[in-house]
2 protein chains.
Amino acid sequence: MESNQLYNHLERLSELLRTDLRKSGIEHGLQPVQLEVLHYLSVCNRYSDTPLAVTEYLGQTKGTVSQTIKVLEQKGLLLKRSDTEDRRVSHLELTKKGHKLLDRLVPPPMLIKACDKLPQKAHKQINHALHQLIMALLQSNGMKSFGVCHTCRYNGRSEDGGYYCNLVQQPLSVDDVQRICREHETAA
Amino acid sequence: MESNQLYNHLERLSELLRTDLRKSGIEHGLQPVQLEVLHYLSVCNRYSDTPLAVTEYLGQTKGTVSQTIKVLEQKGLLLKRSDTEDRRVSHLELTKKGHKLLDRLVPPPMLIKACDKLPQKAHKQINHALHQLIMALLQSNGMKSFGVCHTCRYNGRSEDGGYYCNLVQQPLSVDDVQRICREHETAA
DNA sequence: AAAGTAAGTATCGACTCGATACTTATTTCA
DNA sequence: TGAAATAAGTATCGAGTCGATACTTACTTT
């Protein structure tokens, strides 16, 4: 069984990460899943900052995510605003307090320490390997990729040379194209 | 910040794995953490099959682990036996039912699918990268390695040519040296 | 306008997990 | 040798997770 060893590693890694996340989060009254939501919101684009997008990203139900968001809002770490076009939709935005907290906790200190000791080359290899694995997982299970616009098949250029999304038919800034989008589809 | 991208990947991977584990576990009435305990017990050696070892491996408190184990015992997935030498200590052992269940759920189908699509070479690279990362994490944070006896500094040979552990002063079988030990220390 | 659908919320129950206090067994050491 | 310290594990509590279900509100379809 080839995937056995791989699973051993993944489970261990996952457990180490989660334990560390729990430990550093608890000092600020945050659960692992809450940190994950904050982190996601800090890297997603303006079409992907809704509760539903979080739901898809985390693979939970919308009820569960709704709870998590409520708590984060009460803690003053994020702000909820109704969409002006479709009032069923909410947009979530980190507050300054939220950003500050995230900056201190993510990436977790444990990981930073480990990275410092790794040579540049190993670092690159690991990053590449992880990316490859994630892609394989998503593709072979027909899941959304949640990649950055830059690598999306809908991403193009407008006449003035700027970036342009052919799906939502909107221009994108340089910052935009480096953010995660829930509509992302890998370029062919 | 070099570790940022790495963290993005790790968090995503961890989340994907956990969601899948939750989904497949729920069908058998098992939580992710319960599956992790079962899996650990299936790969650890006879010095590492105690509640305390599980506690260290999962990075939780002994109270929490005690609960988890109690549930698994009630479900008939594992057996608890008192140590004959030190009656404070319990040894945990998967039942046939436990082994059967684990065989069906681990590795998770999602991962198996992904592995099938990955070329042999990529598979090896990913495995190596993960191992390297785990080692870096454990070393730079002074944590127990939980490696297999085969790679331990205490592992040696006895006069008759068999394996021998210089820490517990006991001979080890061929099967033994491929199992995870809580006393494991990386060879110098 | 009515039915259908989508986004999000409210509530409930089973479960996790840390904290604290406890029991029992072993070790230390005066 | 006997009391204190320590170790392994359990019991209990409370805050929080998470899925299921039912609901509200808003948009879409026909």
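Order of the sequence lines sets the chain letters (A, B, ...), proteins ahead of strands, with each chain counted from 1.
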Participant: Taking ILVMFWY side chains as joined if any heavy atoms are under 4.5 angstrom apart, and letting links pass through other members, which residues group with A/Y154?
Facilitator: A/L167
Participant: Does the side chain of A/T151 pick up a donor-acceptor pair with the side chain of A/H184 at under 3.5 Å?
Facilitator: yes
Participant: Heavy-atom nearest nucleotide on DNA chain D for A/G59 versus A/E85: which residue maps closer to 5'?
Facilitator: A/G59
Participant: Which class fits the ring pair A/H131 and B/H9: parallel under 30°, tilted 30 to 60°, perpendicular over 60°?
Facilitator: tilted
Participant: With a sphere of 6.0 Å drawn around NZ of B/K117, does it hold more than 12 non-hydrogen atoms of other residues, nucleotides or ligands?
Facilitator: no
Participant: Is a side-chain donor-acceptor pair under 3.5 Å present for A/N155 with A/H150?
Facilitator: no
Participant: Say you draw a straight line from CD1 of A/I126 to CG of B/L6; how long is it, rounded to the nearest 0.5 Å?
Facilitator: 6.5 Å
Participant: Counting side-chain heavy atoms from C-beta on, which of D/dT6, D/dG19, D/dT25 comes nearest to B/R88?
Facilitator: D/dT6
Participant: Indicate whether OP1 or OP2 belonging to D/dC27 is found under 4.0 Å from a side-chain N or O atom of A/R87.
Facilitator: yes
Participant: Does NZ or CZ of A/R179 lie under 6.0 Å from the centre of the six-membered ring of A/Y47, at an angle within 45° of the ring axis?
Facilitator: no
Participant: Please check if atom NZ in A/K100 has more than 12 non-hydrogen atoms from other residues, nucleotides or ligands closer than 6.0 Å.
Facilitator: no
Participant: Using rotation axes that map the C1' atoms of four end pairs onto the next four (five pairs an end), what angle separates the end axes of the helix from C/dA1-D/dT30 to C/dA30-D/dT1, to 10°?
Facilitator: 20°
Participant: Just wondering, more than 12 heavy atoms not from A/H91 lying within 6.0 Å of its NE2?
Facilitator: yes
Participant: Side chains of B/D176 and B/Y163, heavy atoms from C-beta outward: is any pair under 4.5 Å?
Facilitator: no
Participant: Quick one: do B/S158 and B/D160 satisfy side-chain hydrogen bond (donor to acceptor under 3.5 Å, both in side chains)? Show the steps, please.
Facilitator: CA-CA 6 Å; B/S158 59; B/D160 63 359; 2.5 Å; yes
Participant: What integer distance in Å separates B/H91:NE2 from D/dA8:P?
Facilitator: 12 Å
Participant: Heavy atom of residues 23-56 of chain B under 4.0 Å from DNA chain D: which residues?
Facilitator: B/T50, B/P51, B/L52
Participant: Could you tell me which residues satisfy side-chain contact (heavy atoms from CB on, under 4.5 Å) with B/S14, sequence neighbours excluded, listed by chain and number?
Facilitator: A/S14, A/L17
Participant: Starting at OG1 of A/T50, measure out to NZ of A/K62 and round the result to the nearest 0.5 Å.
Facilitator: 11.5 Å
Participant: Nucleotide range of DNA chain C contacted by chain A, 5' to 3', under 4.0 Å to a heavy atom?
Facilitator: C/dA6 to C/dG18
Participant: Output the residues of residues 60-84 of chain A in contact with DNA chain D, where contact means a heavy atom of the residue under 4.0 Å from an atom of the strand; sort by number or write none.
Facilitator: A/Q60, A/T61, A/T64
